[in-house]
Amino acid sequence: MGVLPRSFYARDPVVVARDLLGKNVRHGAVVLRITEVEAYRWPGDTACHARSGRTKRNDALWGPPGRAYVYLCYGLHHMLNVVTMDEGVAAAVLIRSCELIDGRSVVRRRRGGVEGPSLLTGPGKIAQALGIDVSFSHRPLYRQGGLVLEHGPPPERMLAGPRVGIDYALDEHRVLPWRFASGDTKWVSHPAGLAPVQF
DNA sequence: CACAGGATCGTT
DNA sequence: ACGATCCTGTGT
């Protein structure tokens, strides 16, 4: 399978997010098909980590497109983001859920023997299944051999809705449909908030 | 220097 | 509904 080129990511995160549905994330023997994503960008989005400026923690978010931005959430879970837009602009897509394509034994071991969609529905589970942490921030996702994103067929149907866990940002951006998911699978977290949309 | 809270998850 | 767990941003 071909690796997504750097140019794929040099676009608006909302567009990149929708295009990421159906693409594969590969790390070693583990291959996951992306089923749910969320877009974040600054300025104009108070939920974006860039809201209080460029820091050591969110530096990758402002960096060149096609790299990883991984941060620690609640002191426990790692969140994998794909950086979009050009250097100097803070924008990214959070990978929230996937289907299992390959590397079943490795994923089950890392996830504690969980079965079914609960294996990979939720951003913390994705990073755990892939075996990545904050040290993966800034790493290119278009270099064969490491953590890479590869081409894959888009879903037949697409769903959209408000982003999950953004209730503290009680502004207009709360209702922006910046969460996207495949309509063809049960491997999606919080299906209730989603409704069909056109590509 | 102290402290509050978070793009979550798994259990109660 | 709640606790785990740790780093950052903010305030004194």
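The model shown is predicted, which means the values in this text are computed figures rather than measured ones. Below, chain A is the first sequence line, B the second, and so on; all start at residue 1.
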Checklist outcome for this item: Heavy-atom nearest pair, A:P5 first then A:H151, reads CD-NE2, 4.3 Å
Item to check | Heavy-atom pair with the smallest gap, counting every atom of A:S189 and A:R96 | outcome: OG-NH2, 3.2 Å
Checklist entry - What nucleic acid atoms does A:R111 come within less than 4.0 Å of, heavy atoms only: base, sugar-phosphate, or nothing? => result sugar-phosphate
Next on the checklist: Under 5.5 Å centre to centre and under 30° between planes: does that hold for A:Y71 and the six-membered base ring of B:dA7?
Outcome noted: no
Expressed as a whole number of angstroms, how long is the span from [X]:[atom1] to [N]:[atom2]?
{"X": "A:M79", "N": "B:dA7", "atom1": "CE", "atom2": "P", "answer": "9 Å"}
{"X": "A:H78", "N": "C:dT5", "atom1": "NE2", "atom2": "P", "answer": "13 Å"}
{"X": "A:H190", "N": "B:dA7", "atom1": "NE2", "atom2": "C1'", "answer": "11 Å"}
{"X": "A:N81", "N": "B:dG6", "atom1": "CG", "atom2": "C1'", "answer": "14 Å"}
{"X": "A:F180", "N": "B:dA7", "atom1": "CZ", "atom2": "C1'", "answer": "15 Å"}
{"X": "A:L80", "N": "B:dC9", "atom1": "CG", "atom2": "P", "answer": "13 Å"}
{"X": "A:I95", "N": "B:dT8", "atom1": "CD1", "atom2": "P", "answer": "15 Å"}
{"X": "A:R96", "N": "B:dT8", "atom1": "CZ", "atom2": "C1'", "answer": "9 Å"}

Rounded to the nearest 0.5 Å, what separates atom [atom1] in [X] from atom [atom2] in [Y]?
{"X": "A:L149", "Y": "A:L141", "atom1": "CG", "atom2": "CG", "value": "5.5 Å"}
{"X": "A:K186", "Y": "A:T35", "atom1": "NZ", "atom2": "OG1", "value": "13.0 Å"}
{"X": "A:L4", "Y": "A:R6", "atom1": "CG", "atom2": "CZ", "value": "14.0 Å"}
{"X": "A:S182", "Y": "A:E99", "atom1": "OG", "atom2": "CD", "value": "6.5 Å"}
{"X": "A:H78", "Y": "A:S135", "atom1": "NE2", "atom2": "OG", "value": "8.5 Å"}

Item to check | Any A:L20 side-chain heavy atom under 4.5 Å of A:V93 side chain | outcome: yes
Next on the checklist: Would you measure the distance from the P atom in C:dT5 across to the matching atom in B:dA2 and give it in whole Å?
Outcome noted: 22 Å
Next on the checklist: Assigning hydrophobic clusters by single linkage (Ile, Leu, Val, Met, Phe, Trp, Tyr; side-chain heavy-atom cutoff under 4.5 Å), is A:V37 placed with A:L32?
Outcome noted: yes
Item to check | Sidechain N-carboxylate O distance under 4.0 Å for A:E150, A:R26 | outcome: yes
Checklist entry - Is there a residue in residues 121-129 of chain A whose heavy atoms reach under 4.0 Å of DNA chain B, and which residues are they? => result A:G122, A:P123, A:G124, A:K125
Pairs under 3.5 Å (N/O, protein and nucleotides 6-12 of chain C):
from	atom 1	to	atom 2	distance (Å)
C:dG9	OP1	A:T55	OG1	3.0

Checklist entry - Any idea how A:H49 and A:Y69 line up, ring-wise: parallel (<30°), tilted (30 to 60°), or perpendicular (>60°)? => result perpendicular
Checklist outcome for this item: For DNA chain B, the expected dot-bracket line (Watson-Crick or G-U under 3.5 Å, [ ] crossing, | inter-strand) is ||||||.||||.
